[in-house]
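Okay, so here's the structure we're looking at.
Keep in mind that the numbers below use all heavy atoms, side chains included, and drop hydrogens, waters and symmetry copies. Letters go in sequence order (proteins before strands), and every chain restarts at 1.
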Number of protein chains: 2
Amino acid sequence: MSIRLPVIGQPRLDLEAPDVTEATAAAALLADRTRAAILRMLGDGPHCVCEMAAALGERENNVSNHLARLREAGLVRAVRHETNARFQYYERDEAAVAAARRALQGVLR
Amino acid sequence: MSIRLPVIGQPRLDLEAPDVTEATAAAALLADRTRAAILRMLGDGPHCVCEMAAALGERENNVSNHLARLREAGLVRAVRHETNARFQYYERDEAAVAAARRALQGVLR
DNA sequence: CCGATATCTCACGTTCCGCTGATATGTTGG
DNA sequence: CCAACATATCAGCGGAACGTGAGATATCGG
């Protein structure tokens, strides 16, 4: 059960820092309860702001704020409802979500 | 290319909030550049604090601070070097890392 | 034993982030 | 047309997080 430690007495200096910019950007978006829940709920299909706000017990402007963050990151898109244009329905951009998932897996793999 | 929007004019009220506590906890740890790079570097094997600090261009007490966060979360373990006990070698807890990966995938899946 | 090394801990200051409240825009229904 | 609704935007506030500096502990080399 013991790990294999280097036998050298001196630390390695050839170790180079990995590029984790994409992963940290994705993680920062997922680090908030509201945004993470939004992304999870949108995984089952599109939802409007008031639906998700009610489910989360959050104010609608707050949810709208978080959706703006996700939209700027390219993870979600907004589409007006066809018959009732008051509702903004949000859907995930599955390609962007997959890229975020790969970036996170690149760190935890 | 158009999404399938609900035909109903009223939003669904039966939508329930998913549990994302594990995912947000994991994401909060990955949201920092230093911690994410540490987890990535430890994926290739154990390293001591000074190695990673040098690779990242960060101070050793700062790296030690982030390692303490990861240790409290159970993602890494500390082991003293056998022949040179000055060095604290850190290794990943692969079971905990896998759990964090699954929690994040549960949101982005 | 003593100085250098490696790591840890923590208080402090600055910065960042999320929530709130107010306001604005657009839409539907009556 | 007007009131209610759905959403968006933003300044401001309070709290959390990050890096720093100082100090402590422990170990190795000479």
Side-chain angles (χ1 to χ4, degrees), chain A residues 5-13 15 20 24-25 27-38 42 46-73 76-91, chain B residues 5-13 15 20 24-38 46-73 76-91:
Chain A
L5 293 177
V7 191
I8 53 175
Q10 293 302 319
R12 300 172 49 192
L13 295 181
L15 184 62
V20 291
T24 53
L29 290 171
L30 285 174
D32 180 78
R33 171 209 172 247
T34 303
R35 284 194 301 266
I38 286 173
L42 292 183
H47 291 291
C48 63
V49 178
C50 59
E51 279 178 3
M52 296 186 283
L56 294 171
E58 297 284 340
R59 301 200 170 187
E60 295 171 356
N61 61 348
N62 191 19
V63 172
S64 181
N65 257 321
H66 287 295
L67 282 166
R69 298 271 308 268
L70 296 172
R71 202 185 334 129
E72 290 162 12
V76 303
R77 275 187 296 262
V79 179
R80 290 246 168 237
H81 190 102
E82 306 159 346
T83 64
N84 198 341
R86 268 191 299 198
F87 298 97
Q88 273 279 26
Y89 274 76
Y90 280 87
E91 62 168 348
Chain B
L5 293 177
V7 191
I8 54 176
Q10 293 302 319
R12 300 171 48 191
L13 295 181
L15 183 62
V20 291
T24 52
L29 290 172
L30 285 173
D32 180 79
R33 171 209 170 245
T34 303
R35 284 193 301 267
I38 287 174
H47 292 289
C48 62
V49 179
C50 60
E51 280 177 5
M52 295 186 284
L56 294 171
E58 297 284 339
R59 303 201 170 187
E60 296 172 355
N61 61 350
N62 190 20
V63 172
S64 181
N65 258 323
H66 287 295
L67 281 166
R69 299 270 308 266
L70 295 172
R71 203 184 333 130
E72 291 163 11
V76 302
R77 274 187 297 263
V79 180
R80 290 249 168 232
H81 190 101
E82 305 159 347
T83 64
N84 199 341
R86 270 191 298 195
F87 297 97
Q88 273 279 29
Y89 274 76
Y90 280 87
E91 63 167 344

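One finds no side-chain N or O of Tyr90(B) lying less than 4.0 angstrom from the OP1 or OP2 phosphate oxygen of dA6(C). For dT7(D), the OP1/OP2 oxygens have no side-chain nitrogen or oxygen of Ser64(A) closer than 4.0 Å. Distances shown here put every side-chain N or O of Arg33(A) at or beyond 4.0 Å from the OP1 or OP2 atom of dG18(C).
Judged by atom type and distance alone, Asn65(B) does not reach the base of dG19(D) through any side-chain donor-acceptor pair under 3.5 Å. On a pure distance criterion of 3.5 Å, no polar donor-acceptor pair joins the side chain of Asn61(B) and the base of dG19(D).
Closest of all the heavy-atom pairs between Tyr90(A) and Leu42(A) is O-CD2, 3.2 Å. Across Val63(A) and Glu58(A), no two heavy atoms sit closer than the pair CG2-CB, 3.9 Å. Nearest heavy-atom pair across Leu30(A) and Ala36(A) is O-CB, 3.7 Å. Contact detail for Glu60(A) and Val49(A): the closest heavy-atom pair is O-CG1, 3.7 Å. Across every non-hydrogen atom of His66(B) and Asp32(B), the tightest pair is CE1-OD2, 3.4 Å.
Between the C1' atom of dT23(C) and the CZ atom of Arg59(A) lies a distance of 15 Å, rounded to the nearest Å. If you measure from atom CD of Glu58(A) to atom P of dT7(D), you get 15 Å, rounded to the nearest angstrom. Across the protein-nucleic acid pair, Leu56(B) atom CG and dG19(D) atom P stand 10 Å apart, rounded to whole Å. The CD atom of Glu51(B) sits 14 Å away from the C1' atom of dT7(C) (whole-angstrom rounding). Between Leu67(A) atom CG and dT7(D) atom P there is a gap of 10 Å when expressed in whole angstrom units. Atom P of nucleotide dT9(C) and atom CD of Glu60(B) are separated by 15 Å, given to the nearest angstrom.
Ring geometry for Tyr89(B) against His81(B) counts as tilted: the plane angle lies between 30° and 60°, on a 0 to 90° scale.
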Filtered N/O pairs between nucleotides 25-30 of chain C and protein, under 3.5 Å:
unit_1, atom_1, unit_2, atom_2, d
dT28(C), OP1, Ala85(A), N, 2.9

Short N/O separations, protein against nucleotides 13-18 of chain D, under 3.5 angstrom:
unit_1, atom_1, unit_2, atom_2, d
dC18(D), OP1, Arg35(B), NH1, 3.0
dC18(D), OP1, Arg35(B), NH2, 2.5
dC18(D), OP2, Arg69(B), NH1, 2.4

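Using a 4.5 Å cut-off on side-chain heavy atoms (C-beta onward), Gln88(A) and Arg80(A) make contact. At least one side-chain heavy atom of Leu67(A) sits less than 4.5 Å from a side-chain heavy atom of Met52(A). Between Thr34(A) and Asn65(A) the shortest side-chain heavy-atom distance does not fall below 4.5 Å.
Among the atoms of the strands shown, only primed sugar atoms or phosphate atoms (P, OP1, OP2) are found under 4.0 Å from some heavy atom of Gln88(A).
The nucleotide whose nearest atom lies closest to any side-chain atom of Ala68(B) is, among dA6(C), dT9(C), dC8(C), dT9(C).
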